[in-house]
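Data block below; observations after.
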Amino acid sequence: MLLGYSPKARKNREWLALLALKLVAYVALIILALMIFYIVFHGFKAINFDFLTKFPSDFMRKGGILPAILGTLYLAAGSMVVSLPLGFGAAIYLTDYAKPGPLVSIIRLGVANLAAVPSVVFGLFGLALFVVGFGFGRSLLSGCLTLGLLTLPTVTAAAEEALRQTPQSFREAALALGANRWQAIRQVVLPAALPGMLTGAILALGRAAGETAPIILTAAAAFSPALPDSLFNEVMSLPTHIFNMATNGAFIEQTRVRQFGTALVLMALVLGLSLVAIVIRAKLIRRRKW
Amino acid sequence: MVKPPAISARSVSFYYGEFQALRDINLEIAKDEITALIGPSGCGKSTFLKLLNRMNDFVPGARLSGEIIIGGVNVYGPQADPVEIRRKVGMVFQKPNPFPKSIYDNICYGPRLVGVKKKSALDEVVEKALKAAALWDDVKDKLNKSAFELSGGQQQRVCIARALALEPDILLMDEPTSALDPIATAKVEEWIKQSKLSIVIVTHNMQQAARISHGTAFFYMGELIEFAPTLTLFTSPKESRTENYITGRFG
Amino acid sequence: MKESNGVHTINQGLESGSKAGYSNKIFTLRPRLSPAEKGSRLFFLICAILAMGQMFLIMVFLFKEASGLFISKPGSPALSLVDFLGRNDWYPTYPDATFGALALVAGSISVALFSTFLATPVGLGLAAYLSCVASQRRRELFKPMVELLASVPSVILGLVGMAVLAPFLQQALNIPTGLNLFNASVILAIMAIPTIASLAEDALSAVPRDIQDASYALGATCWETIWRVILPSAMGGLATAVILGLGRALGETMVVLMVAGGAAQIPNSLFDSVRPLTATLAAEMGEAAIGGRHYQALFALGAVLFLTTLAFNLLAWHLSRRWRGAR
């Protein structure tokens, strides 16, 4: 018989270790949940029909946040116009066309590293290239292009992952039936991989909607009296609106409720999109037959 | 002289969620003998084996009725501690699964868990276990090398030695040679035959069961169809389903 | 890429028998591409190069805009890199502007380190709980929750720091302002916990099930299995998770802009105000004249930030590869 700890000491240690782990997990989850609850609770006080459909007035103390909501939607949608085609194209190249070699390694490393570049650096880049370099000024267009580039690595990586999970045999089957490479991709690979690729795109859309620093640098107006009627107008957006109300001017305390109201709208938008993506992904995994 | 059984299962039924994987199994497994569980895949033989050391506890939705008595204690009784049971009932898996550690640390894993710390005691355990698994001569000069550097058959014998280091009363083997080549298989079989332990081995290979076991149990669709001394079962089975299986008419 | 499909080249070639008069030449198989094929291929290649080429474009633009600061011109003396990073005199709007960014660098480092220090144990604990301890049902409930929390926009967390945590700290500790290093680190940690937990959970789940089974079958308890088998095997992934978390904390802008207090000073205590690099960029870019010295200095800060996060990322990548190789 082997000697050592008494079983009781071992059991106590086990109990303690697991208790500590559970405690950490629960405390973390509870703090995070409380925070969300706080935002929802205080945000709801601000939300009514006017808040969602009117322009702000009286130094943001009255009126609504319609231009910020629309501005965020424009910016997020515009960024996808930039990043989806490029990201999907790049992913298709990497999975289906590229031969392994230094070029592919460099591309993949570049994409992976770009995902970790701070968003404010993308903001600087957008400022130097689009706002100043191309002379677009602080505008919807500059903002969309900057956010598009910002989300490009996310979109590319997610699409590549989805394409990679499509079995090689699908491609071989199509090629063996006389399809050329592009036909095989368009008719067999893309339909199979598209839901996964779109999941990544939705997550990127959420991220674009919530980004603040790059928009401050490239697109944001603190207040604009009208909705943008061209790509070269400045826009308001939800995140910058929160930021401005919370940090500028003499009415920080008076607009507190509206800050949380705006935060709630933004959070609903971003978390809603993420939730959609998570649900789609869960369904995909369950439905996948290969 | 009749020895008390090593394991007795009494009307054991087992469910994965809604699916009933085992139906009313009654089985007495003899002490110090080798018992083979055979049957087509999905018949419940592996499930039954994993019940014996409570490795099915990790399967979500697992439910059980009946009792399994090992060493006079119901393994699923309210007082039973799965950790204690697994220490007394060792297990060797289908695929060799050494830890990504040295051979020495692999063997010491179990003893260290129960608090053995002294180097001399551990050295002794390692030598004894490796000798028992007929691996000592192969690896005695490279105990500090990673277990992954060994061949598949040697890795499987490290896993056997690792289980033996805890001096288990019973050793469960779940198709231990299915991932091995014929030469490695022969070595493992040879070890099983000369060991003096109570061994329960699941195999899909009927020749293997015939070569090494004293008693053989035939499972089919979650039921225990027939349990007899190996020679009897293979030469004059009572049940037609057993006969069909061993003559290769299905499965 | 291992499984590039279709046959492009067969390296060994085909050896045919010479007896029947075949040539012994080894030849290469190539697919024949139609013009449409070539066109689509070119399009995708351009996409890929654009996707990655950004990396170089960003670098070029940051360095180009920043370079003026370090090159002497009439009316604007050159700043040395040592002065830029080593001196503590960030007065960009004074008539005799000076650009010693040491306090900003110190602010970034202190916030990033302290927030990672707070977030790492909690994030790893949460990951260990999710992957090893929680029941199936709890895991399926909590995992998406954690993922959702990872996507809360940082400006919202900044708002919580300003409106909730800051007044609380100010009252509870009786300090002049609740907007300080401590507050920013706590909020950043809250932000990093889901990220670290998510990445670490992936690393823990990637530990093969069969060696976990082996551990249980040898009579190990749940905690012993986590401690002795799962953690050592997942070390590379866990280290990567922490380093990536640190990189994110360094690069995060809104939280530090809103709650770190904004004073360009080297902190002496946890409750001092600081002004990290990212906050400086976002706060001052609006008032810096395009092309001026201040503008150049801000781009130089951006370049520092870019190179630092790049280094962290490469380190994480290298670590995860080395650990995988060791296994």
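Chain identifiers are assigned alphabetically (A, B, ...) following the order of the sequence lines, protein sequences preceding nucleic acid strands; residue numbering begins at 1 within each chain. Note that the structure is predicted; figures quoted are calculated from it, not measured.
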Chain C interface, residue from [options] that has the most non-hydrogen pairs under 4.5 Å:
{"options": "A28(A), G87(A), P239(A), G133(A)", "value": "P239(A)"}
{"options": "V132(A), T156(A), V111(A)", "value": "V132(A)"}
{"options": "I216(A), L18(A), N180(A)", "value": "N180(A)"}
{"options": "V121(A), L238(A), T212(A), L23(A)", "value": "T212(A)"}
{"options": "G89(A), A116(A), A20(A)", "value": "G89(A)"}
{"options": "I31(A), I36(A), L127(A)", "value": "L127(A)"}

Q | Which atoms of I107(A) approach chain C - backbone, side chain, both or neither, heavy atom under 4.5 Å | A |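 The answer is both parts of I107(A).
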Please state whether the side chain, the backbone, both or neither of I39(A) comes within less than 4.5 Å of a heavy atom of chain C.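 Contact with chain C is through the side chain of I39(A) alone.
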- Stepwise side chain to side chain contact (heavy atoms under 4.5 Å, CB included) test for L21(A) and W223(C): CA-CA 10 Å; L21(A) 271 188; W223(C) 170 248; 4.1 Å; yes
Determine whether a donor-acceptor pair (N or O, by modelled atom type, separation under 3.5 Å) exists between the side chain of Q54(C) and the backbone of L114(A).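 Absent.
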Go through the atoms of [X] and report whether side chain, backbone, both or neither lie under 4.5 Å from a heavy atom of chain A.
{"X": "L124(C)", "result": "neither"}
{"X": "V146(C)", "result": "side chain"}
{"X": "L45(C)", "result": "both"}
{"X": "L157(C)", "result": "side chain"}
{"X": "T253(C)", "result": "side chain"}
{"X": "I190(C)", "result": "both"}
{"X": "F312(C)", "result": "neither"}

Below 4.5 Å, heavy atoms only, C-beta onward: do [X] and [Y] meet side chain to side chain?
{"X": "F125(A)", "Y": "L57(C)", "result": "yes"}
{"X": "T247(A)", "Y": "M162(C)", "result": "yes"}
{"X": "L109(A)", "Y": "W317(C)", "result": "yes"}

Shortest non-hydrogen separation from A112(A) to N313(C) and the atoms involved
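Smallest heavy-atom distance, with atoms named: O-ND2, 3.5 Å.
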*For the student: nearest non-hydrogen atoms of G110(A) and M52(C), plus distance*: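 Result for this residue pair: CA-CG, 3.9 Å.
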TODO: Please report the C-alpha distance between V152(C) and L271(A) in whole Å, then the side-chain angles of each, then the deciding distance to 0.1 Å, and finally whether the side chain to side chain contact (heavy atoms under 4.5 Å, CB included) criterion is met.
DONE: CA-CA 7 Å; V152(C) 174; L271(A) 294 197; 4.1 Å; yes
Which distance, rounded to the nearest 0.5 Å, do you find between the CG of L50(C) and the OH of Y93(A)?
->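 Here the rounded value is 13.0 Å.
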(request) Could you check whether the rings of F44(C) and W182(A) sit parallel, tilted or perpendicular, using 30° and 60° as the cut-offs? (result)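 Answer is tilted, since the angle falls between 30° and 60°.
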